Amino acid sequence: AAFLPVFAVSAGIVWWRKRTALHRAWFLVWLAALAGLVGQGASQHGDLAMAIGYTSVFLLSIALSNLITTSLHVPFAWRRYLVLLAVAAAARIAFASRDAGFTPVTLPVALAVALPLLHTAIRAIRAHWRTGDAAQRALLVTCVVFGAHVVDFAFFRNRPAFVPFGFALGMLLLFAFAITATAVVLEAETAQRARIATELDAARRIQRKLVPRDVSLPGLEVVAHVRPAETVAGDYVDAYHFEPWSWLLLGDVTGHGLGAGLVMLMAQSTISSILQTRPDISPRELNALANKILHANLTRLDEQRHMTIVAI
């Protein structure tokens, strides 16, 4: 059990750096597992006390359900399970007041604790088993086994012969979560990086195609080459010829990456539209009009960037 604080701290650090919903869900799993271990350890004497301590496992059930929901986008209404837990708590007190025995006292709580996870995992299996990857399938199977283990608490926890086996199974399941949940997070990170790389590659290709080639300006020989510092950059070069006017434009957006590239594309589109409709516009008026349009658009996007541009 000593590994739980290590996992919780490690997951918390990763979430603090990444700040994604999936990393937060992963961190909450280990935080809830640690809380459940503490809650059970503090309530070891008496049927009612053990049932109360076992309620803390509800946090882990909710956290695992949240992890499944975040990774597989399965609907999860956790508030209804809180209502069920409150009903189970009332039934627990009623059975305890009548000395009904360990199983009747703890079974309502065990069912209420296990239901969120079992319900969510089974729904995810039915909806995503074929489309999910190996890590997601392993996580779902582990969740179902853990949910069943939660329920068997009501039948075996008060039998000394089964206590070591139950504790060992619980630790094995936590180790299984350490492998499967981490694998799900890593697979999601890899998929996200692949998507971003694909999108950046598409943006790079578009940006390269916007660099003028074979431009014929009277009395000039124009050769353009752009080599961005990153996959996408804010460098801008363009040339136009509308008889009898010729235009040469050079610019640079502050910063690097996709944001700078997006502003560059907006500038190219804006300037091109202006020149197509008013080829006789003066460079000063062109810059003023383009600046007005770009400033309005960037304000709407809450993007604070500057661009230097020379229009000849």
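Note that the structure is predicted; figures quoted are calculated from it, not measured.
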Quick one: pull up [atom1] in [X] and [atom2] in [Y] and give me the separation to the nearest 0.5 Å.
X      : Y      : atom1 : atom2 : value
Leu249 : Ile312 : CG    : CD1   : 8.5 Å
Leu265 : Ser272 : CG    : OG    : 12.0 Å
Leu169 : Leu174 : CG    : CG    : 10.0 Å
Thr131 : Arg137 : OG1   : CZ    : 8.0 Å
Arg300 : Leu298 : CZ    : CG    : 11.0 Å
Met264 : Arg305 : CE    : CZ    : 12.5 Å

Is a side-chain N or O of [X] found less than 3.5 angstrom from the main chain of [Y], in a donor-acceptor match?
X      : Y      : answer
Thr254 : His306 : yes
Ser71  : Ile68  : yes
Thr70  : Ala25  : no
Gln276 : Ser273 : no
Ser65  : Pro116 : yes
Ser61  : Leu117 : yes

Are there over 12 heavy-atom neighbours, none belonging to [X], within less than 6.0 Å of that residue's [atom1]?
X      : atom1 : result
Trp16  : CH2   : no
Phe242 : CZ    : yes
Arg17  : CZ    : no

Should the ring pair Tyr81 and Phe76 be called parallel, tilted or perpendicular, given that the plane angle runs from 0 to 90° and is split at 30 and 60?
->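 Tyr81 and Phe76: parallel rings.
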Quiz item: Relative to the ring of Phe146, is the ring of His149 parallel (under 30°), tilted (30 to 60°) or perpendicular (over 60°)?
Solution: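 Plane angle between 30° and 60°, so tilted.
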Under a 3.5 Å threshold, yes or no: a donor from one side chain and an acceptor from the other, between Ser246 and His241?
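Present: a donor and an acceptor within the cut-off.
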Any side-chain heavy-atom pair from [X] and [Y] closer than 4.5 angstrom?
X      : Y      : value
Ile274 : Leu286 : yes
Leu64  : Leu60  : yes
Ile122 : Arg126 : yes

Requested in this report: Report the C-alpha distance between Glu189 and His23 in whole Å, list the side-chain angles of each, state the deciding distance to 0.1 Å, and finish with yes or no for side-chain contact (heavy atoms from CB on, under 4.5 Å).
Outcome: CA-CA 10 Å; Glu189 277 191 356; His23 285 93; 2.5 Å; yes
| query | Below 6.0 angstrom between ring centroids: does that apply to Tyr240 and Trp247? | reply |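 No, the ring centres sit 6.0 Å or more apart.
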- Message: Please evaluate residues Cys143 and Phe177 with respect to the criterion side-chain contact (heavy atoms from CB on, under 4.5 Å), reporting the C-alpha separation (whole Å), side-chain torsions for both, the decisive distance (0.1 Å), and the verdict.
- Response: CA-CA 8 Å; Cys143 286; Phe177 283 129; 3.7 Å; yes
Practice item. Identify the residue among Trp26, Trp30, Phe27 that makes a ring-ring contact (aromatic ring centres under 6.0 Å, His included) with Phe7. Key: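 Of Trp26, Trp30, Phe27, ring-ring contact (aromatic ring centres under 6.0 Å, His included) with Phe7 is met by Trp30 alone.
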Give the intermediate values and the outcome of side-chain contact (heavy atoms from CB on, under 4.5 Å) for residues Phe58 and Leu82.
CA-CA 9 Å; Phe58 181 78; Leu82 280 178; 3.6 Å; yes
- request: For the pair Leu22 and Leu67, evaluate side-chain contact (heavy atoms from CB on, under 4.5 Å) and give the outcome as yes or no after the intermediate values.
  value: CA-CA 7 Å; Leu22 188 59; Leu67 180 62; 3.8 Å; yes
Cluster link Met171 to Phe165, ILVMFWY, side chain under 4.5 Å: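 Same hydrophobic cluster.
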